[in-house]
Number of protein chains: 2
Amino acid sequence: MAQSDTVDRILDAAEELFAERGFSETSLRMITSKAKVNLAAVNYHFGSKNALIHAVFARFLTPFSAILEQAFDDLEARCGDQPASLNQTLWALTESAVCMPQRTEKGISIFMRLLGLAYTQSQGHLRMFLEQEYGHTFSRFMRMLKEATPQLSAVDRYWRIQFMLGATAFTMSSSDALQDILQNKIGVETSVQEIAARLVPFLAAGMQAEDAMLTPPPGSKVSVA
Amino acid sequence: MAQSDTVDRILDAAEELFAERGFSETSLRMITSKAKVNLAAVNYHFGSKNALIHAVFARFLTPFSAILEQAFDDLEARCGDQPASLNQTLWALTESAVCMPQRTEKGISIFMRLLGLAYTQSQGHLRMFLEQEYGHTFSRFMRMLKEATPQLSAVDRYWRIQFMLGATAFTMSSSDALQDILQNKIGVETSVQEIAARLVPFLAAGMQAEDAMLTPPPGSKVSVA
DNA sequence: TTGCGCTTCAAACGTATGTTTCAAACAGAC
DNA sequence: GTCTGTTTGAAACATACGTTTGAAGCGCAA
C-alpha cells in the first residue's frame, strides 16, 4: 500500500482515460474517481494536471526508448558498416513497441493512441516535454531512415516520413472511431501485432514509391513544381 | 451588413480557431471575440456550440461532396464499364479538394485539418452528423476503392484504407506541429498541391504493396496470423 | 411617427474545472 | 505511548465554460 499504490492507480486510470477521451476532455475528477483516490491526490503527488500528463508519457516512453535504442544498437551491430535497410529499421521500431512489457493486454494500443494524441492535440507543453526527453532517440531514428533511403531527395524523404508517421499514429489512435465509420464491419482483428504486420509493408512500399508516379494523369488541374 | 455578416464572421473565426486548437480547447468567447461579435450571437444564430461545429463542417463539406460526386461521375463516364484505376480514383479526390473554391489561401489546409480533427477527437455528435450527411459520398468512394483493388482481401483493403486516411488527415492536420518536431527544417514548401502530388504516389504504392512483404525478417518476434 | 420583427448587447445563470486549504489519519522511529 | 513527517480526506476556492435572459437598438412597412 502506501504512496506508490496511489500513484500507480492514478497513472493507470489517467492513461486509460486520456487514451479514450483525450486530455482536455478528461477531468481530474474522472481520473480520481476511476482510480478510487481523493481528488487532491493528483496535485499532491504530481503537482498539476499537465505534470500528470507528462508522468503518464514518461512511464511508458522511458522504457520504450531504452528498448528502442538497444534494438538500434543491435541492428547496427549486425549491419557492420553498412546502413540498415528500410525494412530492418521499421521492423526494429515495430518489434520494440510490440515486445515491450505490457501492464494490460490492451497496453500497446493505449500506448499508440497516446502517441497519436500527443501529435494531434496541440498541447504545447507536451510537445516541449517529449522533444526534450526523447528527442535524441527520435533524431537517431530519423538519421537511420535517411541512410536507408539514399535515393530520396531531402524534401521527398521529409514528406514521406510525415506520411508514415501519419498513417501510424492515426491508425493506432482511432481505435473505435474509424471502425464506426467504415461500416464494412468485417470481423476485424484487433491484435496490434497483426496491424503492425500490415502497416509496415504499406509504409515501406510508400516510402520507396517511384517518383515516376508523381505525375498526375493527363488533363489534371494539379501542377507539380 | 445585417444578419449574414455576423453569421459568416462567426463561421470564419470558428473555422480557423477549431483548426488550430481543436473543438474543446476553443471557447465561444474566443470565437466571438475574434469575430468581433457578441457572445450571445452564437447561441442566437446557431443554437449551440455543437450546432456551430456542424455548421462549420457543412459550409465546406456540402460543396465539396457535390464537386466530388461530379468528379466521380465524370471519371466513371470516361471509364465506361471498366472500373476506375486506383490512381484515377485518388486523383479525382485530390483534384476535387484542391480545386474547390477557397475563401482564403490557407483554406484547404484548414479544411484538411478539420477533417483530421473530426476523426481524431472523439466527438460522438460530429461523427453522427458527418455520417448522416455525407455517408453516401463516402460509401461511394469506398466502393470505387474496392473495385480499383480487386487483388486485395477485404481485410487487407480495410486496413490499407485506414492507413491512407491516416497519412492524409494527419499530414494535412499537423500544419505546424510536426514541422517543429522534425527539426530538419529544410526549406519546406507549403503548397497543398505539392503535398498532394507527393502524397498520392505514396498512397498508391502503399495500397498496392506486395503481400510478400508481409513477412517479418527472420528471427522476428512478431508473428503473422 | 408609430409599431413590429429581427438582431445585438451587457449581464447574469448554473455548472464544471484545476487547484488550494487545513484538519484528520497514518506509518515508523524513538 | 509519543512524536514526526508523510499521506489522505472533505470542503472550499477562484475561474472558465456554455447558455439564458431581458432590455435596447435597428430597419422598414403602415
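Here is how names work: the chains are called A, B, and so on, in the same order as the sequence lines, proteins then strands, and each is numbered from 1.
- Under 4.0 angstrom from either OP1 or OP2 of dT7(D) there lies no side-chain N or O belonging to Thr6(A).
- A side-chain donor-acceptor contact under 3.5 Å links Arg157(B) to the backbone of Thr149(B).
- Between Ile10(B) atom CD1 and dT8(C) atom C1' the separation is 11 Å, expressed in whole Å.
- Atoms CG (Asp5(B)) and C1' (dT8(C)) sit 13 Å apart, rounded to a whole Å.
- Remark: Glu147(B) engages no residue in a salt bridge (Lys or Arg N to Asp or Glu O under 4.0 Å) (not counting sequence neighbours).
- With hydrogens and angles ignored, the 3.5 Å screen pairs a side-chain donor or acceptor of Arg9(B) with a backbone N or O of Lys36(B).
- Rounded to an integer number of Å, the gap from NE2 of His45(B) to P of dT20(D) is 15 Å.
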Review point. Can you check ring-ring contact (aromatic ring centres under 6.0 Å, His included) on Phe57(A) and Tyr134(A), steps first, answer last?
Key: CA-CA 11 Å; Phe57(A) 275 86; Tyr134(A) 308 103; 8.9 Å; no
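- Put simply, NZ on Lys36(A) is 16 Å from P on dT8(D), counting in whole angstrom units.
- Listed by chain and residue number, Leu75(B), Cys79(B), Gln88(B), Thr89(B), Met144(B) satisfy the side-chain contact (heavy atoms from CB on, under 4.5 Å) test with Ala84(B) (two or more places apart in sequence, or in another chain).
- For Met30(B), the CE atom is densely surrounded, since the number of other residues' heavy atoms within 6.0 Å is greater than 12.
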Point to revise | Nucleotide-resolved protein contact map, nucleotides 13-23 of chain C, B/S/- at heavy-atom distance under 4.0 Å | key: ----BBBBB--
